[in-house]
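Working notes for the structure below.
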Amino acid sequence: MSRIGFKPVVLPEGVTAEVKDGVFAVKGAKGELSVAIPSLVSVEVKDGAVHCTVKGDEREERTLHGTVRANIANAVTGVHDGYKKELEIVGIGYRAAMRGTSIVLNVGFSHEVVIPTVDGVKISCSDETHITVEGIDKQKVGQIAALIHDTKRPEPYGGKGIKYKGEHIIRKEGKRAAATGGKK
């Protein structure tokens with residue numbers, strides 16, 4: 001049984017929400033988002049909070065309960081505060097630059113990698129080695145950040161690649177001639 005689903009989502013000051021025709025719509029200072037609500041879950045806005053309930057106790061209803069509540073909480077946080085992912089580029093000659101609204105990555109390939117933005121997501125480069133992805137939709141921000149990260153994942157020997165800010169890369173020791181005693 002989902003414990004998350006029973007927690008009410010408190011609406012911050014300046015955020016309005018309504019449920020209409022199976023769609024939860026929320027508006028805030030940063031924009032507006034909507035979340036589709038399955039017919040097995042009922043959502044109501046009362047006393048400055050959003051409450052999710054299920055009609056029965058079937059497995060499918062219980063699984064949707066926590067998911068719908070989490071999606072609603074993410075939408076409320078997005079329109080009030082927004083989401084932000086920061087990435088760092090490590091490696092000699094590795095760099096990023098903006099070309100219009102797209103980001104161009106030079107990360108050791110024979111060609112440039114161009115990643116376009118999507119609506120509602122803003123990509124910016126403060127310098128050649130720092131990338132910031134911002135927006136109100138948590139899924140879109142995470143998806144674009146993951147596309148950039150997956151372009152050149154950090155490798156464990158030299159640590160070169162694109163990593164999330166604060167991500168710890170477990171480093172491995174390379175080959176050593178002294179470890180085997182020279183010749184075999």
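Only heavy atoms go into these numbers, but all of them, side chains included; no hydrogens, no water, no symmetry mates.
Heavy atoms of other residues, nucleotides or ligands lying less than 6.0 angstrom from CG of Asp119 number 12 at most. Crowding of Glu167 atom CD: a count of heavy atoms from other residues, nucleotides or ligands under 6.0 Å exceeding 12. For Lys152, the NZ atom sits in a packed shell: over 12 heavy atoms of surrounding residues, nucleotides or ligands are nearer than 6.0 Å. Atom CD of Glu58 sits in a sparse spot, with 12 or fewer heavy atoms from other residues, nucleotides or ligands closer than 6.0 Å. Counting heavy-atom neighbours within 6.0 Å of Lys20 NZ, excluding the residue itself, gives a total of 12 or less. The number of heavy-atom neighbours closer than 6.0 Å to OH of Tyr157, taken from other residues, nucleotides and ligands shown, is 12 or below. The environment of NZ in Lys163 is crowded: more than 12 heavy-atom neighbours from other residues, nucleotides or ligands sit within 6.0 Å.
The heavy-atom pair separating Ile162 from Thr151 by the smallest distance is CD1-CB, 4.4 Å. Across all their heavy atoms, Cys52 and Val41 have their closest contact at CB-CG1, 4.4 Å. Across Ser124 and Met98, no two heavy atoms sit closer than the pair CA-SD, 4.2 Å. Closest approach of Lys55 to Glu61, counting heavy atoms only: C-OE1, 4.4 Å.
One N or O on the side chain of Thr63 and one on the backbone of Glu60 form a donor-acceptor pair closer than 3.5 Å.
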Worksheet entry | Derivation and outcome, side chain to side chain contact (heavy atoms under 4.5 Å, CB included), residues Val45 and Leu11 | CA-CA 9 Å; Val45 181; Leu11 296 174; 4.0 Å; yes
Item to complete: Carefully, step by step, assess Val121 and Val133 under the rule side chain to side chain contact (heavy atoms under 4.5 Å, CB included).
Response: CA-CA 7 Å; Val121 177; Val133 182; 3.6 Å; yes
Worksheet item: Does the pair Leu64 and Val54 meet the rule for a side chain to side chain contact (heavy atoms under 4.5 Å, CB included), with working shown?
Response: CA-CA 9 Å; Leu64 288 173; Val54 288; over 6 Å; no
Item to complete: Mind running side chain to side chain contact (heavy atoms under 4.5 Å, CB included) on Lys122 and Thr117 for me, showing each step along the way?
Response: CA-CA 7 Å; Lys122 180 183 172 234; Thr117 59; over 6 Å; no
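Under the 30°/60° scheme for interplanar angles, the aromatic rings of His149 and Tyr164 are found to lie parallel.
In the hydrophobic clustering of ILVMFWY residues, with side-chain heavy atoms under 4.5 Å counting as a link, Val141 and Val118 come out together. The hydrophobic cluster containing Val90 does not contain Tyr94, counting ILVMFWY residues as joined when their side-chain heavy atoms lie under 4.5 angstrom apart, directly or transitively. One hydrophobic cluster, built from ILVMFWY side chains closer than 4.5 Å, cannot hold both Phe6 and Val9; they sit in different ones.
The line from NZ of Lys138 to CG of Leu33 is 13.0 Å long, rounded to the nearest 0.5 Å. In this structure, OG1 in Thr67 is found 13.0 Å from CZ in Arg62, a value given to the nearest 0.5 Å. Residue Asp137 holds its CG atom at 9.5 Å from OG of Ser34, rounded to the nearest 0.5 Å. For the atom pair CD1 (Ile115) and CG (Leu105), the distance works out to 5.0 Å, reported to the nearest 0.5 Å. A distance of 6.0 Å separates CD in Glu44 from OG1 in Thr53, rounded to the nearest 0.5 Å. Here CD1 of Ile169 is found 9.5 Å from CD of Glu155. Values are rounded to the nearest 0.5 Å.
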